[in-house]
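For reference, the structure discussed in these notes is given below.
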Amino acid sequence: GPGGGLAKMRGDLKPDIGQVIESESQFAEGSRVVAESSSYLSESSQSQAATVEEMSASVEHLSAAIREINQNVSAASGLAACAPPAPSLHNAQPWRFRHISGSRTLELRADLDRSMPRADPDRRGLHLGCGAALFNLRVATADGGRYADVQLLPDPADPQLLAAVRLLDVHRADRELARLFPAISRRHTSRHPFEDRAIPALVREALSDAAEQEGTRLVFPDRWHTESLLDHVRDAEGRDSADAAYLEEMRSWTRVGAKE
């Protein structure tokens with residue numbers, strides 16, 4: 001009858017406890033997966049943020065390194081530009097400066113393409129000129145508030161490498177040396193005859209002191225030594241005037257004209 005059908009319908013509507021438990025278990029598993037996914041996404045975001053921060057730091061470090069390199073190159077170029085006014089045989093400027101990449105070191109090298117085998121066979125004049133260029137570099141370095149740490153002939157296997165100069169940012173700049181900086185641009189060659197007059201005592205003393213500061217000694221010849229030296233010069237010039245190769249070398253390095 002009607003009561004029996006209603007009971008049957010209620011029985012059909014009763015949930016299966018096993019299905020309920022299984023559904024709850026699936027729900028819990030789903031929640032755990034969602035939680036793990038959220039945790040993974042959070043860790044991934046943190047990792048990405050850390051990676052971005054590390055990359056930013058690396059870029060900043062690289063930018064700083066590039067700025068320092070540019071500053072070093074600029075400083076090295078500026079210092080090397082002070083070398084050409086240095087005196088050299090026939091103004092040949094027989095030197096080359098090389099900046100060591102990524103450092104504050106300049107190398108001074110002899111440029112044998114600008115040497116003079118006939119006029120300067122033992123290259124004494126070449127080395128004097130290179131020494132003058134190195135001195136100008138030291139003066140310019142001191143004027144810029146830095147210290148030039150010079151190592152002479154640093155590599156016995158490389159005789160053309162005359163000096164390695166490290167530019168140091170320390171409070172050791174030679175202020176006395178820096179005072180000479182204006183003289184670099186004022187120095188020029190004079191081909192006028194020397195005047196036959198004595199060098200004042202104060203000038204001789206100042207020159208001797210300057211030589212002593214560079215670790216050497218300046219000797220002033222007396223009258224007898226001067227005459228003897230002039231005899232040797234006249235003899236050498238006489239022999240050179242008969243040397244065709246010497247004369248050709250001289251013509252290639254000198255100009256002769258109304259202004260010379």
Side-chain angles (χ1 to χ4, degrees), residues 75-76 78-97 104-110 120 122-156 159-233:
L79 293 173
C82 294
S88 58
L89 186 59
H90 297 312
N91 197 32
Q93 302 178 20
W95 56 72
R96 289 187 295 112
F97 284 99
R104 293 185 175 185
T105 299
L106 280 170
E107 289 184 346
L108 169 61
R109 307 189 66 87
D120 187 31
D122 59 0
R123 298 175 182 164
R124 178 177 181 271
L126 179 146
H127 287 96
L128 288 174
C130 289
L134 177 60
F135 186 78
N136 276 13
L137 180 71
R138 290 174 51 214
V139 170
T141 302
D143 180 71
R146 289 181 171 180
Y147 175 75
D149 182 23
V150 179
Q151 184 180 6
L152 298 176
L153 302 174
D155 185 358
Q160 312 318 324
L161 177 56
L162 303 181
V165 184
R166 289 196 310 139
L167 309 178
L168 304 180
D169 285 329
V170 293
H171 299 293
R172 295 178 56 189
D174 189 333
R175 302 319 305 171
E176 288 299 314
L177 202 60
R179 290 176 57 247
L180 298 176
F181 183 73
I184 291 179
S185 60
R186 292 201 305 266
R187 195 214 71 81
H188 63 279
T189 298
S190 172
R191 293 186 172 87
H192 293 287
F194 291 103
E195 295 182 8
D196 187 11
R197 61 188 178 91
I199 301 175
L202 289 178
V203 174
R204 293 163 63 106
E205 183 179 350
L207 291 173
S208 296
D209 290 343
E212 187 175 352
Q213 291 176 19
E214 292 299 312
T216 188
R217 186 165 63 96
L218 178 62
V219 176
F220 295 92
D222 57 23
R223 175 62 65 177
W224 182 87
H225 286 99
T226 301
E227 291 298 332
S228 177
L229 177 60
L230 289 174
D231 286 341
H232 288 301
V233 169

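As a basis for the values below, the full set of heavy atoms in this structure was taken, side chains included, without hydrogen atoms, waters or symmetry mates.
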A side-chain contact here means heavy atoms from C-beta on lying under 4.5 Å apart; do N136 and R187 qualify?
no
Closest approach of D169 and R146, non-hydrogen atoms and distance?
OD1-NE, 2.8 Å
Rounded distance (nearest 0.5 Å) linking atom CG of L161 with atom CD of E107:
5.0 Å
How far apart are the C-alpha atoms of R179 and F181, what are their side-chain angles, what is the distance that settles it, and do they pass the side chain to side chain contact (heavy atoms under 4.5 Å, CB included) test?
CA-CA 6 Å; R179 290 176 57 247; F181 183 73; over 6 Å; no
CA sep, side-chain torsions, deciding dist, call: L180, F135, side chain to side chain contact (heavy atoms under 4.5 Å, CB included):
CA-CA 10 Å; L180 298 176; F135 186 78; 3.8 Å; yes
Kindly indicate whether the side chain of F97, heavy atoms from C-beta on, has any atom under 4.5 Å from the side chain of L137.
yes
With side chain to side chain contact (heavy atoms under 4.5 Å, CB included) as the test, would you mind laying out the steps for L134 and V165 before giving the verdict?
CA-CA 9 Å; L134 177 60; V165 184; 3.7 Å; yes
Rounded to the nearest 0.5 Å, how far does CG of L126 lie from CG of D120?
6.5 Å
CZ of F220 to CG of L207: how many Å apart, nearest 0.5 Å?
5.0 Å
Taking the side chain as everything from C-beta on, heavy atoms only, tell me whether E205 gets closer than 4.5 Å to L202.
yes
Shortest non-hydrogen contact from S88 to W95?
CB-CZ3, 3.9 Å
Say you draw a straight line from CG of L89 to NE2 of H127; how long is it, rounded to the nearest 0.5 Å?
13.5 Å
How close do S185 and P182 get, heavy atom to heavy atom, and via which atoms?
OG-O, 3.3 Å
To the nearest 0.5 Å, atom CD of Q160 lies from atom CG of D155 at 11.0 Å
Over all heavy atoms of both residues, which pair between A110 and C130 is shortest? Give the atoms and the distance, please.
CA-SG, 4.5 Å
Should we say atom CZ of R109 is surrounded by more than 12 heavy atoms from elsewhere, each under 6.0 Å from it?
yes
H188 side-chain N/O to R186 backbone N/O, donor-acceptor pair under 3.5 Å:
yes
Mind checking whether N91 and Q93 have side chains closer than 4.5 Å, heavy atoms only?
yes
Looking at CD1 of I184 and SG of C82, how far apart are the two atoms once the value is rounded to the nearest 0.5 Å?
5.0 Å
